[in-house]
Protein chains: 2
Amino acid sequence: MLYAGFMSETLPPLPTPQEPSDKPRLLEVGFAPDEPCLRADAARNRARLLEAATRLIAEHGVAGVTMEAVATAAGVGKGTVFRRFGDRTGLLLALLDHSAHRLQSDFLAGPPPLGPGAPPVDRLRALGVAVLYRYAEQLDLLLAAQSEPTRRHSHPAARALHMHTAMLLRQILPDADCELLAQTLVGYLDPALVHHLTRQCDMPLERLEAGWNDLVTRVTGADPQR
Amino acid sequence: MLYAGFMSETLPPLPTPQEPSDKPRLLEVGFAPDEPCLRADAARNRARLLEAATRLIAEHGVAGVTMEAVATAAGVGKGTVFRRFGDRTGLLLALLDHSAHRLQSDFLAGPPPLGPGAPPVDRLRALGVAVLYRYAEQLDLLLAAQSEPTRRHSHPAARALHMHTAMLLRQILPDADCELLAQTLVGYLDPALVHHLTRQCDMPLERLEAGWNDLVTRVTGADPQR
DNA sequence: AAGAAAACTGGACCCCGGTCCGTTTGGGAT
DNA sequence: ATCCCAAACGGACCGGGGTCCAGTTTTCTT
């Protein structure tokens, strides 16, 4: 049970939360109630809330994560939950932060082929596959956290993925409109799509993986390796 | 004011509403309260509701379309709205049905390059552009109707677009996994993405259009014509 | 024409997300 | 140790989506 959020707090005191930019810093073992500067009681309650939410998901699924239920289970008032996480989506996102950040530092500073060192095309292939498998095991939460369509693309985690993809593409296709191509690529990895294909169309993950490689090949014009 | 829905009714008496498959039949002038078999009063109320919803959107934007408000404005009870459209999304979708169906028959039976007759690649290019522009002018409604991520890809209109795209792709790339490639392509046309790029990133529609053509070129391996 | 089944209606009701605001508390300054 | 106020708290409150069901209307049957 080691949640540990950051780059989620959005509302009250911090005008722009700002993700921790670069430094990995995710080697904490138990859980890190960091949060730049939170009053002691606030930090304590935050931890309680995340724990309560985790428990509720385990017991009743994502649908059971009701703001009031979480508040009650954590022994705090409803207002506190909203103050801390902004809204339900914010809470859900906070639950996902840990793994999102891990993925992020994997492709920013981890070992090749995901991390730096491998050729850009290989990194791109590895990225898609990594995302695919990570998403596949958190589908419910990801879907639930995706409610508002307007926010989808503006969320820090989404932007990070997009920026990284665009960066890799730029190394391969310096003259293309890599912004847009990157959107296309990450679009293929959209949780809702993964859900549709695997759960509603019964496609095996391997096929999605092959599809990703094919897509990368076509878009970059690379050799159809692998 | 010529809404006219079909392929929306979902709930009570009709097990599988089924879209009218092929025949164009959208040349009605005023409005068509068709609906396979609806009791007279029900059809009347349905028309009233759609009109009321349209009016509310004009006056207060999509956000003003409250189930209760629509009901009141139409002079019916709240329960009636839900019985007819299932939920808010259903109502919004019904509002979009008219133009969705028009687009559909344009690419199924309209003049080339969108309709049959032109080479598949040209049809594909034309399709993306048509969708892009159509979406661009209904963004608010489309976004509002997109709430539930699970339903996005299973909706009839979405499936139709996807199937058609896959069909065109199959004519161009008989040996590829056209199902998945089609998902990628229509993903590029997702309203939420269009919204993000045009409204939040301030990209002109022309750039998205160019992006689409580039994408088609890369995916199909066609000559970068146009 | 009459009777009955099927379909439709409307509004009371419940639940949940989100807001508001009067009260409490942590922790730096003196 | 004390003061003080920004920050945090909590729960009453609101509005909107969705459900339910008793009552009404339409349409079918004979």
Side-chain angles (χ1 to χ4, degrees), chain A residues 9-15 17 33 35-49 52-53 56-57 60-94 144-148 150-151, chain B residues 9-15 17 33 35-49 52-53 56-57 60-94 144-148 150-151:
Chain A
E9 304 328 66
T10 39
L11 284 186
L14 348 168
E35 291 319 307
C37 38
L38 265 192
R39 238 170 63 170
D41 53 347
R44 180 175 46 76
N45 282 344
R46 178 177 206 280
R48 280 187 191 168
L49 284 167
L56 282 177
I57 287 184
H60 308 108
V62 183
V65 180
T66 252
M67 295 306 258
E68 199 152 343
V70 174
T72 306
V76 306
K78 196 172 163 188
T80 304
V81 193
F82 282 94
R83 154 173 298 269
R84 190 60 38 209
F85 300 102
D87 56 11
R88 202 179 105 106
T89 300
L91 172 60
L92 265 18
L93 251 18
Q146 226 196 31
S147 50
E148 235 189 297
T150 314
R151 253 192 280 176
Chain B
E9 302 330 66
T10 39
L11 285 185
L14 347 169
E35 291 320 306
C37 37
L38 263 194
R39 237 170 64 173
D41 53 346
R44 180 176 46 75
N45 283 343
R46 178 177 206 279
R48 280 190 192 165
L49 283 168
L56 281 177
I57 287 185
H60 309 107
V62 183
V65 179
T66 255
M67 294 307 257
E68 200 152 343
V70 174
T72 306
V76 306
K78 197 173 163 187
T80 304
V81 193
F82 281 94
R83 152 170 298 267
R84 190 59 39 208
F85 300 103
D87 57 11
R88 201 179 105 106
T89 301
L91 171 60
L92 265 19
L93 251 19
Q146 226 194 27
S147 51
E148 236 189 296
T150 314
R151 253 190 281 175

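In what follows, chains carry the letters A, B, and so on, assigned in the order in which the sequence lines appear, proteins first and then strands, with residues in each chain numbered from 1. What's counted below: heavy atoms across the whole structure, side chains too, no hydrogens, waters or symmetry copies. As the structure is a prediction and not an experimental result, all values here were calculated from the model.
Closest approach of B/G64 and B/A69 over heavy atoms only: O-CB, 4.1 Å. When all heavy atoms of B/F85 and B/L91 are compared, the closest pair comes out as CB-N, 3.6 Å.
The side chain to side chain contact (heavy atoms under 4.5 Å, CB included) check on B/I57 picks up B/V65, B/L95, B/L141, with sequence neighbours excluded. Residues satisfying the side chain to side chain donor-acceptor pair (under 3.5 Å) criterion with A/S147, sequence neighbours excluded, are A/T89. With sequence neighbours excluded, no residue satisfies salt bridge (charged side-chain N to carboxylate O under 4.0 Å, His left out) with B/R44. Remark: B/E68 engages no residue in a side chain to side chain donor-acceptor pair (under 3.5 Å) (not counting sequence neighbours).
Residues A/L49 and A/R46 form no side-chain contact, since every pair of their non-hydrogen atoms from C-beta on lies 4.5 Å or further apart.
Under 4.0 angstrom from either OP1 or OP2 of D/dG10 there lies at least one side-chain N or O belonging to A/T80. The phosphate of D/dA8 has neither OP1 nor OP2 within less than 4.0 Å of any side-chain N or O from A/N45.
Per the geometry, CZ belonging to B/R48 stands 14 Å off C1' belonging to C/dC8, to the nearest Å. The separation between A/R46 atom CZ and D/dC9 atom C1' is 17 Å, rounded to whole Å. Whole-Å rounding puts the A/R84 CZ to D/dG10 P distance at 11 Å. A straight line from CG of B/L56 to P of D/dG16 spans 12 Å, rounded to a whole angstrom.
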For nucleotides 15-17 of chain C, tabulate all protein N/O to nucleotide N/O atom pairs closer than 3.5 Å, reporting atom names and distance.
| residue | atom | partner | partner atom | Å |
| --- | --- | --- | --- | --- |
| C/dG17 | OP2 | A/M67 | N | 3.0 |
| C/dG17 | N7 | A/K78 | NZ | 3.2 |
| C/dG17 | O6 | A/K78 | NZ | 3.4 |

Enumerate all atom pairs, one protein N or O and one N or O from nucleotides 26-30 of chain C, separated by less than 3.5 Å.
| residue | atom | partner | partner atom | Å |
| --- | --- | --- | --- | --- |
| C/dG27 | OP1 | A/A40 | N | 3.0 |

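Between the OG1 atom of B/T66 and the NE2 atom of B/H60 there is a distance of 10.5 Å, given to the nearest 0.5 Å.
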